[in-house]
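Here is the structure we will look at.
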Amino acid sequence: MNMTPKLEHGLVLFLVLMFLIPCGLIVFISGEVPYRLVPGEPVKDAAQAAGITITSVKDTTWNLTGATGGKVYVLTDSSGNVVTMSTQAFNSAESRDAAILLYNAHPVGKGKPVGSLLVVGQYLVYVTPANSGILETIAPELKKTTGP
Amino acid sequence: MSPDATATEGSLPSKKVLGLFALAMINVAAVLSIRNFPSMAIYGWSCIGWYILGAILFLIPISLAGAELATGWPEGGGVYAWVKQAFGEKGGFTALFCEWSNNLVWFPTVLSFIASTLAFALTPGLAVNPWYMFSVMMIAFWGTTAIAYFGEEASTRFSNVGVILGSIIPAVLIILLGLWWLGSGSSLVLPPLTLDAMIPTINFSTLPFFATIVLLFAGMEMAGFHALETRNPQKDFPRAMALSALIIVICTVLATLAIAIVIPADQLSLASGVMQAIQYFFAAAGIAWLVAPMAVLITIGGVVNLGSWLIGPAKGLGIVAEEGNMPPLFDRTNKYGAPVAVLLIQALIGSAISLLYVFLPSVNQAYWILSAMTVELLCIVYILVFAALIRLRYSQPDTPRPFVIPGGMAGVWIVGGLGLFGTTLAFVVGLMPPSFFASNGLAYILSVLLGTFLLAVPPLVFLKFKKASWKKSAGPERCE
């Protein structure tokens, strides 16, 4: 019996699985964020709980289907770091998820998208810059605000 | 055999269809993307500094390195051929495989960009429908794969026309609108230009962006995959590198600035969708009716961008298989010389990952990890290419190189060293977790490293099981 075709097919299967297993695992382990109505202003509540100062707030509506409005917060901490967090509520899970897809479809070159995007119930929170002590402090508070 | 065709051992003859312009357009298609402009415009004048940084640490080194390596070793396989000369089959295969595997993770992002941009031309609300998104993504993906099936000539025509329509014309239009805006005396949203304003802020917060900037010009080596189909590689490669670099830099910098001076940064940051920015821009200029045609052009640009990354590395993998480093199943070519088996496997895997991407979009953090893996895999490719550039000057000093990086060994060390520094630093900072991962940063780093390892390691497995009978010339012709 010729073992070569078996080996070849095994290697093709191996190649396919080497892509699908890690990508699938990363996606499934990360877990979906369910769409549900979160009361209040999550960023404002989380910032206040974390002792971060909100220096300015203004209303905004993103030019995206299903976006119903939100706010742009400029936050500062005692070290002088500044972060802009823009929130936007969406009227359905589909419209929120389409906005997430749009964000991830805009990496710079073959890198990552600018800033970072958090999903909080019906809200998307767009944060620039992606790395900051403020976001590090506020992220756990945001999780508490939104609940399990 | 006609003078316009050559054949590698056991393979089909390659038609010499590529000249200077076609080669340059392959690079432009791979690198120039309108999608980047609004994201970079957020940085205002400092985008100039970021671009300069990207040019010094990557664009100039990779262009020079690509020109020297492609003219010295004008063989099929691009980075595979270059790195193999320096570090053997294992190194070459790993470099090529990383270039191929990062695409499979990246394809869903460019595909969803194509679908959402086309929706803007039809009905923006369509982008909310996952079935619309998936259908368009699959049509674009399999359609581009079908074009690749018809070989180099068809792909080249598609690339030449598409890159002009979908990348260069939209970029030039944006630049002209920016100039018109300046000339009309309309108010600029940026403060006056100063030297300080152009210098980017580099600190802990912006360091991860560094990895993105370094790889902003990734793809300049793409023409190297088409060496076998190039009429006069020794003469045309360096010129094509210079021409494509010039087009890319002029279009990218000027179009980004045009957007930055017209659209306020807080409008740009709203998810940074390119069509949202274009809509704002065109409405401000009083030509809102041009938004839909522009969306169609940018969609074409997205498809061409996809095509260049889809075809080049797949051709390279076909060469690797022909040389007997992969089972014969992978080296199947059709009568047009296209690596059909690789294209098919690539399309199947890409489709499966796209399915996850569209129907599980709220797994946002997972996509961040996958983007990070793309960055790491690309860095491995370029680290190997720059290292090969330096090593080959020592190991094969007498190989004729019609284009030589000026400055002798010092010149090659400066060019290769800058490229190595940029890509190694990008690899390291690419591992930095964004702040929302702060509580489980270690898990993030391990996920990215493990994912990168798994997507880089298959060449070692293939070489472990390699058989002499796998070489194309060892058996009967396997073309369909």
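Residue numbers begin at 1 in each chain, while the letters A, B, ... track the order of the sequences.
- Interface remark: of the candidates B:I213, B:L455, B:T374, B:L455 forms the most heavy-atom pairs closer than 4.5 Å to chain A.
- Heavy-atom distances place both the backbone and the side chain of A:L11 under 4.5 Å from chain B.
- Neither the backbone nor the side chain of B:T117 comes within contact range of chain A; no heavy atoms are under 4.5 Å apart.
- Between A:T65 and B:G125, the shortest heavy-atom distance links the atoms OG1-CA, 3.5 Å.
- By the 4.5 Å heavy-atom criterion applied to side chains, A:V27 and B:Y367 are counted as neighbours.
- When heavy atoms are compared at a cutoff of 4.5 Å, A:A139 approaches chain B solely by way of its side chain, counted from C-beta outward.
- When each of A:I21, A:L118, A:V83 is scored by its heavy-atom pairs under 4.5 Å with chain B, the top score falls to A:L118.
- Both the backbone and the side chain of B:P124 come within contact range of chain A, each with at least one heavy atom under 4.5 Å from a heavy atom of that chain.
- With a 4.5 angstrom heavy-atom cutoff, A:P113 touches chain B via backbone and side-chain atoms both.
- Proximity to chain A is limited to the side chain of B:I369, based on heavy atoms less than 4.5 angstrom apart.
- Looking at B:S112, both its backbone and its side chain come within 4.5 Å of chain A, counting heavy atoms on both sides.
- The choice from B:V110, B:N102, B:V31 that makes the most heavy-atom pairs within less than 4.5 Å of chain A is B:N102.
- Rounded to the nearest 0.5 Å, atoms CG (A:L101) and CE (B:M137) are 6.5 Å apart.
- Only the side chain of B:F330 comes within contact range of chain A, with at least one heavy atom under 4.5 Å from a heavy atom of that chain.
- Only the side chain of A:F14 has a heavy atom closer than 4.5 Å to any heavy atom of chain B.
- Interface remark: of the candidates B:A426, B:P208, B:A352, B:P208 forms the most heavy-atom pairs closer than 4.5 Å to chain A.
- Rounded to the nearest 0.5 Å, atoms CG (A:N131) and CG (B:N203) are 10.0 Å apart.
- Put simply, the side chain of B:V461 does not reach to within 4.5 Å of the side chain of A:M18, judged on heavy atoms.
- Heavy-atom distances place both the backbone and the side chain of B:N103 under 4.5 Å from chain A.
- Heavy atoms closer than 4.5 Å to chain A are found in the side chain of B:Y43, but not in its backbone.
- Here the closest non-hydrogen pair linking A:V108 and B:S39 is CG2-CB, 3.6 Å.
- Contact count against chain A (heavy-atom pairs under 4.5 Å) is highest for B:I349 among B:I349, B:V375, B:L215.
- For the options B:F217, B:Y280, B:F37, B:F97, heavy-atom pairs under 4.5 Å to chain A are most numerous at B:F97.
- Note: A:A130 leads A:G133, A:G70, A:P129, A:A130 in heavy-atom pairs under 4.5 Å with chain B.
- Residue contact with chain A, scored on non-hydrogen atoms closer than 4.5 Å, involves the backbone of B:A127 exclusively.
- Between chain B and the options A:T137, A:L117, A:L124, heavy-atom pairs under 4.5 Å are most frequent for A:L117.
- Looking at B:F453, there are no atoms closer than 4.5 Å to chain A (heavy atoms on both sides), in backbone or side chain.
- With rounding to the nearest 0.5 Å, the separation of CG in A:L20 from CG in B:L356 is 8.0 Å.
- Under the 4.5 Å side-chain criterion, counting only non-hydrogen atoms from C-beta, B:L370 is in contact with A:C23.
- Here the shortest heavy-atom pairing between A:G109 and B:N36 reads N-OD1, 2.8 Å.
- Closest approach of A:E8 and B:P327 over heavy atoms only: CG-CB, 3.4 Å.
- With a threshold of 4.5 angstrom between heavy atoms, B:F465 approaches chain A through its backbone and through its side chain.
- When heavy atoms are compared at a cutoff of 4.5 Å, B:L104 approaches chain A solely by way of its side chain, counted from C-beta outward.
- Contact of B:V457 with chain A is made through the side chain alone, with heavy-atom distances under 4.5 Å.
- Summarising the geometry of B:S371 relative to A:G111, their closest heavy-atom pair is CB-O, 4.2 Å, with the distance given to 0.1 Å.
- The minimum heavy-atom distance between A:E94 and B:V128, with the atom names listed, is CB-CG1, 3.5 Å.
- Side-chain contact between B:L348 and A:V16 is absent, with no heavy atoms from C-beta onward closer than 4.5 Å.
- In this structure, B:F359 CZ and A:D97 CG are separated by 11.5 Å, a value rounded to the nearest 0.5 Å.
- The side-chain heavy atoms of B:T109 and A:K110, taken from C-beta on, include no pair separated by under 4.5 Å.
- Within the 4.5 angstrom heavy-atom criterion, no atom of B:A115 approaches chain A.
- Between chain A and the residues B:W368, B:F209, B:F113, the largest count of heavy-atom pairs under 4.5 Å involves B:W368.
- Distance CG/A:L7 to NZ/B:K467: 5.5 Å, rounded to 0.5 Å.
- B:I345 CD1 to A:F19 CZ: the interatomic distance, rounded to the nearest 0.5 Å, is 10.5 Å.
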